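Below is one structure, written out as structure tokens, with a few remarks after it.
Owing to the predicted nature of the structure, the values given are computational and were not obtained by experimental measurement. By convention in this document, chain letters (A, B, ...) are assigned in the order of the sequence lines, proteins followed by strands, and residues within each chain are numbered from 1.
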Amino acid sequence: MIDPKQLRQSAAEIRENLARRGFDFDTDAYAALEEQRKALQVETESLRNERNSSAKQIGKAKAQGEDVVPLLEAVKDLGDRLDASESRLEAVQAELRKIELDLPNLMHDDVPDGKSEEDNRELRRWGELPEFNFEPVDHVDLGNNLGLLDFDAARRISGSRFTVMHGPLAQLQRALIQFMLDVHTNEHGYQEVYVPYLVQEQALFGTSQLPKFEEDLFKTDGDTPFYLIPTAEVPLTNLAREQIFEADSLPRRYVAHTPCFRSEAGSYGKDTRGMIRQHQFEKVELVHMVAPADADDALELLTGHAEQILQRLGLAYRVVALCAGDLGFGSNRTYDLEVWLPGQKNYREISSCSSYTDFQSRRMQARWRNPETGRPELLYTLNGSGVAAGRALVAVMENYQDKDGNVRIPEVLVPYMNGTEVIGKAR
RNA sequence: GGAGAGGUGGCAGAGUGGUCGAAUGCACUGGUCUUGAAAACCAGCAAGGGUUUGUAGCCCUUCGUGGGUUCGAAUCCCACCCUCUCCGCCA
């Protein structure tokens with residue numbers, strides 16, 4: 001959520017900033033509502049003030065044994081006037097809130113112009129593209145041939161966009177997760193956290209998946225429904241909900257491995273082959289909570305931590321800065337890591353690292369105590385995949401295949417595979 | 001699932017209809033004292049929002065959550081949520 005105060009004071013600049021995303025902010029409608037809000041709020045609060053002071057007067061009079069009947073007479077209709085004023089105020093506030101919750105975040109000045117993915121700016125590449133003296137196949141063919149990837153079974157159990165993996169392949173994904181967690185906790189200074197996979201509405205409001213993107217989420221039945229987390233960003237970032245952190249406890253860096261659940265509504269026909277886009281996938285997520293002045297550095301650091309994983313796995317990738325049109329709803333700035341997939345002869349997103357400024361923390365009331373002012377102020381949040389385990393598995397399979405259809409294990413993972421160096425055909 | 005107890009400020013803990021945003025203690029911050037520290041003493045110390053040039057002043061809201069009674073609710077009534085203890089069940 002954008003600061004409502006800023007929304008009132010600099011509506012024109014905000015509209016321009018959001019227009020770069022292709023978002024049309026109707027400032028006139030907002031200003032009109034805001035004018036009503038102000039009048040109604042002033043009126044409501046002064047009525048409440050009146051009520052409070054007369055109640056005190058009555059109390060005082062009663063204590064002194066005076067006749068309170070005339071005083072009661074004077075406040076007879078106050079309650080009704082207050083009720084009317086309150087309900088009009090609430091209606092206007094609800095409309096304002098609806099607009100505010102629908103507004104995407106302001107963008108960083110460095111976000112490149114552009115409408116779609118094609119306009120993203122490539123920042124750098126790392127690694128040599130692997131060369132094969134045979135025609136490399138994709139992970140689906142590899143997995144099928146090895147007898148370790150079973151989309152048929154997954155379809156019988158759960159339908160499309162699910163995967164069943166067997167033996168060493170299942171183990172390889174676990175090895176990847178374990179490796180990533182070890183690097184981030186032992187070398188990058190993250191605290192590992194175990195979090196709930198089912199969360200309530202307010203958590204998703206906090207990180208801004210709700211109210212706008214409900215159709216992307218799986219939801220349970222019941223009076224107080226749960227949502228399955230689409231990313232560990234939700235529970236991790238909400239650790240700061242309604243908290244005030246001391247300055248010396250920042251930055252806070254958290255890492256969690258969780259499964260992620262996404263309905264993928266609206267992506268019918270996209271990435272239907274293989275396990276690139278699934279309803280359920282494993283991810284290692286990184287979250288930073290920082291003082292505002294440190295946010296720019298934190299994004300570089302966070303991205304670097306995710307890059308470390310790909311580098312140690314020996315996977316070629318590139319880093320792109322998302323353009324205005326491709327930027328996520330709540331993001332102020334995003335770097336995507338795209339890994340090279342020989343099976344697709346293309347770079348595919350494997351990590352997305354975003355800075356949210358105070359967009360999420362305002363919704364969560366996540367604060368820190370600024371020593372310069374002595375007051376609680378909103379902290380800044382960042383998150384990024386470090387990295388998506390399902391896609392990392394795909395990348396390892398495709399990049400490390402040989403002409404016989406075996407998959408070599410990257411050196412750093414061998415210890416996590418009990419010494420196994422190659423995955424061959426199952427017998 | 002059954003029985004009981006309870007949810008108040010950073011923590012502990014008073015408060016059962018009226019000047020209560022809330023006693024007291026601890027913690028914390030500043031000061032006095034001291035060579036320094038401790039102790040003692042003095043003072044300060046919740047959050048959100050509105051108005052406003054204002055981190056000044058004034059005002060509103062908040063005692064688990066939501067409703068109700070009342071001129072007035074932390075306090076009374078109703079519903080819900082959560083925590084703890086015991087019993088049952090259970091990975």
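OP1 or OP2 of B/G49 has not a single side-chain nitrogen or oxygen of A/R97 nearer than 4.0 Å. Regarding contacts with the backbone of B/U61, every side-chain N or O of A/N49 stays at 4.0 angstrom or more from both OP1 and OP2.
Of all nucleotides present, none satisfies the Watson-Crick or G-U wobble test against B/A22 with each distance under 3.5 Å. Base pairing annotation: B/A3 forms a Watson-Crick or G-U wobble pair with B/U85, both donor-acceptor distances under 3.5 Å. Here B/A79 sits opposite B/U65 as a Watson-Crick or G-U wobble pair (both hydrogen-bonding atom distances under 3.5 Å). In this structure B/A40 sits in a base pair with B/U32, meeting the Watson-Crick or G-U test at under 3.5 Å. B/G57 is paired with B/U51 under the Watson-Crick or G-U wobble criterion, all donor-acceptor distances under 3.5 Å.
Nucleotides of RNA chain B nearest to A/V42 and A/Q9 differ in position, and the one nearer the 5' end is that of A/V42.
The backbone N or O of A/A366 sits nowhere less than 3.5 Å from a side-chain atom of A/Q243 that would complete a donor-acceptor pair. Judged by distance alone, the side chain of A/D150 and the main-chain N or O of A/A153 form a donor-acceptor pair under 3.5 Å.
Proximity note for A/K38 (side chain, C-beta onward) versus B/G50, B/U52, B/C71: the nearest is B/U52.
Counting any heavy atom pair closer than 4.0 Å across all strands shown, A/Q365 reaches sugar-phosphate atoms only and no base atom. Residue contacts shown for A/R369 are limited to sugar-phosphate atoms, with no base heavy atom under 4.0 Å away.
Checked by distance alone, A/K62 brings a side-chain donor or acceptor within 3.5 Å of a matching partner on the base of B/G18.
Taking the centre of each ring, A/F261 and A/H279 stay at or above the 6.0 Å mark. Aromatic rings of A/Y194 and A/H257 (six-membered ring for Trp) have centroids beyond the 6.0 Å cut-off, not under it. A distance below 6.0 Å separates the ring centres of A/Y190 and A/H305.
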Polar atom pairs (N or O), protein with nucleotides 78-83 of chain B, under 3.5 Å:
none

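For the 3.5 Å distance criterion, the side chains of A/Q360 and A/T381 qualify, holding a donor opposite an acceptor.
The separation of B/C81 from B/C45, taken at their C1' atoms, amounts to 32 Å, rounded to a whole angstrom.
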